[in-house]
Amino acid sequence: MEVILMGFSRDIKTNIALFLIFLLVYVITCVGNCIIICVIIFSSQLHVPMYFFLCILSFLDLSYSTTVTPKLLSDLLSTVPEISIGACAIQLYLILLLGGTECLLLTLMAYDRYLAICRPLHYPVLMKWRTCYWLAVIMGLLGFIMFFLPSLLMPLPICYPNQLNHFMCEVLALLKLACVKTYLRELLIFYMSFMSLLIPFIFILISYTCILASVLKIRTTGRSKAFSTCTSHIAVVGLFFGTGMTMYFGPPSMYSSNREKYISVFYGILTPMLNPIIYSLNNRDVKVSLKKVLSKIKQYEMI
């Protein structure tokens, strides 16, 4: 009861090179996201809703990468890269849950920026800490109900030969191994793609259209500050939604298992690494807080 993961190559030298590359990416992902989480927790000036949601984003990225990358690293050094049916199902459900929840979170972050820029006088009332906590809880519950529960209630029987042309248990790749008619499963995948990608992306576009209209009314001196709080989020949204929509809404004529693997590498492994880099480079508050935290650490070491 195991699935053989075909991965990228059967050449030992190629796999060793890929192992070193993905190991470096995973280390940077873990270190970068942990730094973001620690800086936000220990810096009082970052205790605002925007950075509270950023902290959750870093946690989701760290969890997503940990769900996929360690197994990939072990398979690259294995002669027979395989995964049990149970472990494959757990990986699949976690990927769906974490990926769908991250889409909802990015939408919530866009809503936060909309309130901060378009309704600044009402922002402290509308985004109180109690409201932020409830929004985070509701987001988690919606992620469980909309993405995890439907896939759990509709399991996918797998046929033999059970060779999966992928490096992880991805839903589109597993669909090719199905023993039953996949019409209902394809409808389920379309539903989850629609709810996690298309609707949130439309909502984010509407939010930033309103933000752009409001920023253009601001005097030139205040525009750069307003835009600086949004550029990092826009870059992350472009990376995550761009690759995700290419994967699940791309034309069937362009679809192939190899293409699917490379896109999965981008949004499943590279994006969690790039997110903390984008926020640390483009956000002045994060850079200042990081310097303060590092200076405090140096002071403690000297003592």
Side-chain angles (χ1 to χ4, degrees), residues 29-65 98 101-143 200 203-204 207-208 210-211 214-215 218 222-237 240 271-301 303:
T29 300
C30 292
V31 172
N33 284 290
C34 287
I35 287 175
I36 291 290
I37 293 171
C38 292
V39 167
I40 292 173
I41 291 174
F42 293 110
S43 300
S44 58
Q45 62 267 32
L46 298 183
H47 291 176
V48 293
M50 181 176 74
Y51 296 109
F52 170 69
F53 295 132
L54 175 58
C55 188
I56 299 176
L57 177 65
S58 292
F59 173 77
L60 290 176
D61 282 337
L62 189 60
S63 301
Y64 197 109
S65 182
L98 294 170
T101 305
E102 184 161 338
C103 291
L104 297 178
L105 177 62
L106 291 172
T107 308
L108 187 56
M109 293 172 75
Y111 175 67
D112 172 73
R113 291 299 84 209
Y114 163 76
L115 291 179
I117 294 174
C118 299
R119 303 186 65 183
L121 298 179
H122 300 88
Y123 182 76
V125 177
L126 294 173
M127 293 298 287
K128 295 184 292 186
W129 278 113
R130 184 179 179 182
T131 304
C132 293
Y133 295 145
W134 275 110
L135 286 173
V137 171
I138 292 171
M139 177 193 66
L141 289 175
L142 285 177
F203 186 88
I204 291 171
S207 299
Y208 275 105
C210 297
I211 289 172
S214 297
V215 168
I218 302 174
R223 287 182 185 178
S224 59
K225 184 178 180 180
F227 274 124
S228 65
T229 62
C230 300
T231 51
S232 300
H233 183 254
I234 292 173
V236 170
V237 167
F240 194 80
T271 301
M273 178 194 70
L274 294 174
N275 285 353
I277 296 174
I278 291 171
Y279 273 101
S280 61
L281 291 178
N282 287 353
N283 195 296
R284 181 179 176 274
D285 293 335
V286 172
K287 288 189 288 188
V288 171
S289 299
L290 179 59
K291 290 178 181 178
K292 289 182 179 179
V293 171
L294 292 176
S295 64
K296 288 180 181 179
I297 293 173
K298 289 181 180 179
Q299 289 176 2
Y300 286 126
E301 289 178 350
I303 295 174

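Position 1 is the first residue of the sequence; numbering continues from there.
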Worksheet item: Can you check side chain to side chain contact (heavy atoms under 4.5 Å, CB included) on Asp112 and His233, steps first, answer last?
Response: CA-CA 11 Å; Asp112 172 73; His233 183 254; over 6 Å; no
Practice prompt. Rounded to the nearest 0.5 Å, what's the gap from CG on Leu274 to CZ on Phe240? Could you check?
Written response: 12.5 Å
Worksheet entry | Heavy-atom pair of closest approach, residues Gly143 and Leu104 | N-CD1, 3.8 Å
Worksheet item: How far does SG of Cys103 sit from CG of Leu142, to the nearest 0.5 angstrom?
Response: 13.0 Å
Fill in: Derivation and outcome, side chain to side chain contact (heavy atoms under 4.5 Å, CB included), residues Ser232 and Val286
CA-CA 11 Å; Ser232 300; Val286 172; over 6 Å; no
Item to complete: State, to 0.1 Å, how close Pro272 and Asn33 come at their nearest heavy-atom pair, and which atoms those are.
Response: O-ND2, 3.1 Å
Worksheet item: Once the angle between the rings of Tyr111 and Phe203 is folded into 0 to 90°, is it parallel (under 30°), tilted (30 to 60°) or perpendicular (over 60°)?
Response: tilted
Practice prompt. Mind listing the closest non-hydrogen atom pair of Trp129 and Pro49 along with its distance?
Written response: CH2-N, 4.1 Å
Discussion item. So for atom CZ, which belongs to Phe59, do other residues, nucleotides or ligands contribute more than 12 heavy atoms lying within a distance under 6.0 Å?
Written reply: no
Discussion item. Is any side-chain heavy atom of Cys30 closer than 4.5 Å to one of Leu62?
Written reply: yes
Discussion item. Distance check, rounded to the nearest 0.5 Å: Leu60 atom CG versus Phe53 atom CZ?
Written reply: 12.5 Å
Response to the item:
All heavy atoms of Cys118 vs all of Ser214, minimum pair found to be SG-OG, 3.2 Å
Worksheet item: How far apart are the C-alpha atoms of Val215 and Ile117, what are their side-chain angles, what is the distance that settles it, and do they pass the side chain to side chain contact (heavy atoms under 4.5 Å, CB included) test?
Response: CA-CA 8 Å; Val215 168; Ile117 294 174; 3.9 Å; yes
Worksheet item: Roughly how far, to the nearest 0.5 Å, is CE of Met139 from CH2 of Trp134?
Response: 14.0 Å
Worksheet item: Taking atom OH of Tyr133 as the centre, does the number of heavy atoms from other residues, nucleotides or ligands within less than 6.0 Å exceed 12?
Response: yes
Worksheet item: Would Arg113 and Ser207 count as a side chain to side chain contact (heavy atoms under 4.5 Å, CB included) if you check the C-alpha gap in whole Å, the side-chain angles of each, and the deciding distance to 0.1 Å?
Response: CA-CA 8 Å; Arg113 291 299 84 209; Ser207 299; over 6 Å; no
Discussion item. Let me confirm one number: the CD1-CG distance from Ile37 to Leu54, rounded to the nearest 0.5 Å.
Written reply: 9.0 Å
Discussion item. Can you tell me how far apart NE2 (His47) and CD1 (Ile40) are? Round to the nearest 0.5 Å.
Written reply: 8.5 Å
Discussion item. If the test is side chain to side chain contact (heavy atoms under 4.5 Å, CB included), which one of Leu135, Leu57, Ile138, Ile56 qualifies with Leu108?
Written reply: Leu135
